[in-house]
Amino acid sequence: MKPVIIIQGPTAVGKSSLALELAQKFSLDIISADSRQVYKYMDLATAKPSKEELSLVKHHLIDIITPDEAYNAGRFTRETTKIVDHSEIKNPIICGGTGFYISAFLEGLCHIPDIAQEIRDSLTQDWDNLGNEMMYNKLKEIDPYISQKVSNNDKQRIIRALEVFYGTQKRLSSYWEEQGLLHPRKVLNILLLDDREDIYHRINKRYDQMVLSGLLDEIRNLLDMGYKVDSPGLTAVGYKELLPYILHNQNLADCINLAKQHSRNYAKRQITWYKRNKFNLVFFRKSINYSTIDIFLKNFINNDGKIGDY
RNA sequence: GGCGGGAUAGCUCAGUUGGUAGAGCAGAGGCCUGAAAAGCCUUGUGUCCCCAGUUCAAGUCUGGGUCUUGCCA
């Protein structure tokens, strides 16, 4: 198990540029842990690194699928494991804001076979027709343990538990029980934070900049290429909010404000998520100590992942 | 100028036949085992525009005023 450097943090905190700098200095690859940067043709509002930046350092898991394709934590885990353990370049930097993906990679997911999309589609239909109570009661019968852990209104998790059962004839909870311990991987897990107001401010400013840089044309282009408004890619924050303007001529300023608001909500959820995780280094953006990071990184790389005394 | 809507939580609005108010969104906090930029949970004391009146009791009725908005001139 190869040691791995990880950089996490809420959106617009400056993860990518830190990763780029370190990757260049120590000649490392970067693996993007971002559920939206995987999509081709979606560059601006996913805050994807620029062409120039991408040419400076080898990036993985960016531009790997089209916007009509779904991506998920299982795929990320498989693909990242493959890259990390087979890459010739040692100790890649995993950098991104999708904390669930990184946790899944580090802690492992239970081994559930892929479930046919039709099962989920039909359960989603049932949900819309029968209502949440009926579906929740179904789950209570099938998998009481999961039903206790899930709100009776949590459409996604109820459907997931049901689709696992209908697709594999086995309860989701029994997959959970089977889940073995993963060999712990050595990590240098870095969290980059900032004051809430500063993050919010940067999100707002950055989105205005994205719009000025041609975000509307990027979205129009996606539609011209035939991607539907409900394509997995287009449900991304920053895209879905502008659709009403492009398609139905709704007020642009309102759409922009909503996009900013949703980005702020997202950042808040990320910050909450990080509270559950353990990190080796936590930095505030404004007081980031590059020499400390350098020392940690150098030691981490030279000692094959052992974080000793400094 | 005439006629008619509005005026209630930061914002958009509900408030049944009068019994001192409640949703969504925002904000805040939290959850998260293959949709995670997703999904979900918790959290609402506010001169109910102002003044006077009717009433045991008015956001709710009456009169006057202020502001706002639509239509007609």
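So you know, we letter chains A, B, ... as the sequences are listed, proteins then strands, and number each from 1. Keep in mind that the numbers below use all heavy atoms, side chains included, and drop hydrogens, waters and symmetry copies.
Separation of atoms CG (A:N221) and OH (A:Y41) is listed at 9.0 Å; rounding is to 0.5 Å. Distance check, rounded to the nearest 0.5 Å: CE of A:M135 to CG of A:L162 gives 5.5 Å. Between atom CD1 of residue A:I83 and atom CZ of residue A:R78 there is a gap of 12.5 Å, rounded to the nearest 0.5 Å.
Atom name P, nucleotides B:G18 and B:A23: the rounded distance is 23 Å, in whole Å. Atom C1' of B:G29 sits at a distance of 15 Å from the matching atom of B:G44, rounded to the whole Å. One P atom belongs to B:G63, the other to B:G5, and the distance between them is 12 Å to the nearest Å. For the P atoms, the distance linking B:G65 with B:A9 amounts to 25 Å, nearest Å. B:G46 and B:G64: their P atoms are spaced 33 Å apart (whole Å). On the C1' atoms, B:G19 is 49 Å away from B:A37, given to the nearest whole Å. B:A7 and B:U62: their P atoms are spaced 15 Å apart (whole Å). Nucleotides B:G53 and B:G10 are separated by 34 Å at their C1' atoms, to the nearest Å.
A:T46 comes within contact range of at least one nucleobase, with a heavy-atom separation under 4.0 Å. Using a 4.0 Å heavy-atom cutoff across all strands shown, A:A104 reaches no nucleic acid atom at all. Among the heavy atoms of the strands lying under 4.0 Å from A:G97 are primed sugar atoms or P, OP1, OP2 only; no base atom is included.
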Any protein N or O atoms within reach of nucleotides 68-70 of chain B? Criterion: under 3.5 Å, listing atom names and distances.
none

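The 12-atom threshold is exceeded at CZ of A:R185, counting heavy atoms of other residues, nucleotides or ligands nearer than 6.0 Å. Around the NZ atom of A:K138, the shell of radius 6.0 Å holds no more than 12 heavy atoms that belong to other residues, nucleotides or ligands. Other residues, nucleotides and ligands contribute over 12 non-hydrogen atoms within 6.0 Å of the CE atom of A:M225. Environment of NZ in A:K286: crowded, with over 12 heavy atoms of neighbouring residues, nucleotides or ligands closer than 6.0 Å. Around atom CZ of A:F284, more than 12 heavy atoms belonging to other residues, nucleotides or ligands sit under 6.0 Å away.
We find that CD1 of A:I65 is positioned 13 Å from P of B:A35, with the value rounded to whole Å. Going from atom CD1 of A:I102 over to atom P of B:C32 covers 17 Å, rounded to whole Å. Computed from coordinates, the A:I115 CD1 to B:U33 C1' distance equals 14 Å when rounded to whole Å. Atom pair A:K48:NZ and B:A37:P shows a separation of 15 Å (rounding to whole Å applied). Rounded to whole Å, atom C1' of B:C40 lies 14 Å from atom CG of A:L139. The separation between A:W273 atom CH2 and B:G39 atom P is 16 Å, rounded to whole Å. Separating the CD1 atom of A:I158 from the C1' atom of B:A38 is a distance of 15 Å, rounded to the nearest angstrom. The interatomic distance linking A:I159 (CD1) with B:G34 (C1') rounds to 15 Å, in whole Å.
Near RNA chain B, defined here as any heavy-atom distance below 4.0 Å, the residues from residues 144-154 of chain A are A:S151, A:N153, A:D154, listed numerically. For the segment residues 32-43 of chain A, residues with any heavy atom less than 4.0 angstrom from an atom of RNA chain B are, sorted by number, A:D34, A:S35, A:R36.
Distance from the side chain of A:Y101 is smallest to B:A36 among B:U33, B:G34, B:A36. In the set B:A37, B:A35, B:U33, the nucleotide with an atom closest to the side chain of A:L109 is B:U33.
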*Please step through salt bridge (charged side-chain N to carboxylate O under 4.0 Å, His left out) for the pair A:K82 and A:E79, ending with a clear verdict.*
CA-CA 5 Å; A:K82 201 166 155 191; A:E79 284 163 7; over 6 Å; no
*Could you give me the CA-CA distance, side-chain angles and deciding distance for A:D34 and A:K48, then say whether salt bridge (charged side-chain N to carboxylate O under 4.0 Å, His left out) is met?*
CA-CA 9 Å; A:D34 188 300; A:K48 212 178 269 177; over 6 Å; no
*Starting from the C-alpha separation in whole Å, work towards a yes-or-no answer on side chain to side chain donor-acceptor pair (under 3.5 Å) for A:D29 and A:H59.*
CA-CA 6 Å; A:D29 284 17; A:H59 284 72; over 6 Å; no
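Contact annotation: A:T98 reaches the phosphate of B:A37 (side-chain N/O to OP1 or OP2, under 4.0 Å). Under 4.0 angstrom from either OP1 or OP2 of B:G34 there lies at least one side-chain N or O belonging to A:R160. Residue A:Y71 places none of its side-chain N or O atoms closer than 4.0 Å to OP1 or OP2 of B:A35. Distances shown here put every side-chain N or O of A:R157 at or beyond 4.0 Å from the OP1 or OP2 atom of B:C31.
For the residue pair A:N257 / A:Q261, no side-chain donor-acceptor distance below 3.5 Å is found, with atom types taken as modelled. At a cut-off of 3.5 Å, with distance as the only test, a side-chain donor of A:T168 or A:Y175 sits close to an acceptor on the other residue.
Grouped by direct or indirect side-chain proximity (heavy atoms under 4.5 Å, Ile/Leu/Val/Met/Phe/Trp/Tyr only), A:Y266 sits alone.
A:L44 approaches A:S213 most closely through the heavy-atom pair CD2-O, 3.8 Å. Contact record, A:P10 with A:I199: CG-CD1, 3.6 Å, taken as the closest heavy-atom pair. When all heavy atoms of A:P3 and A:N91 are compared, the pair lying nearest together is O-OD1, 3.2 Å.
Checking A:G238 against A:R276, the closest nucleotide of RNA chain B that is more toward the 5' end is the one next to A:R276.
The cationic atom of A:R269 (NZ for Lys, CZ for Arg) does not lie both less than 6.0 Å from the six-membered ring centre of A:W273 and within 45° of the ring axis.
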_Protein within reach of the bases, or only the backbone? For nucleotides 25-30 of chain B, mark each nucleotide 5' to 3' as B, S or -, using heavy atoms under 4.0 Å._
SSSBBS
*Pair assignment for RNA chain B - dot-bracket with | for other-strand partners, Watson-Crick or G-U under 3.5 Å*: (((((((..((((.....[..)))).(((((.......))))).....(((((..]....)))))))))))).
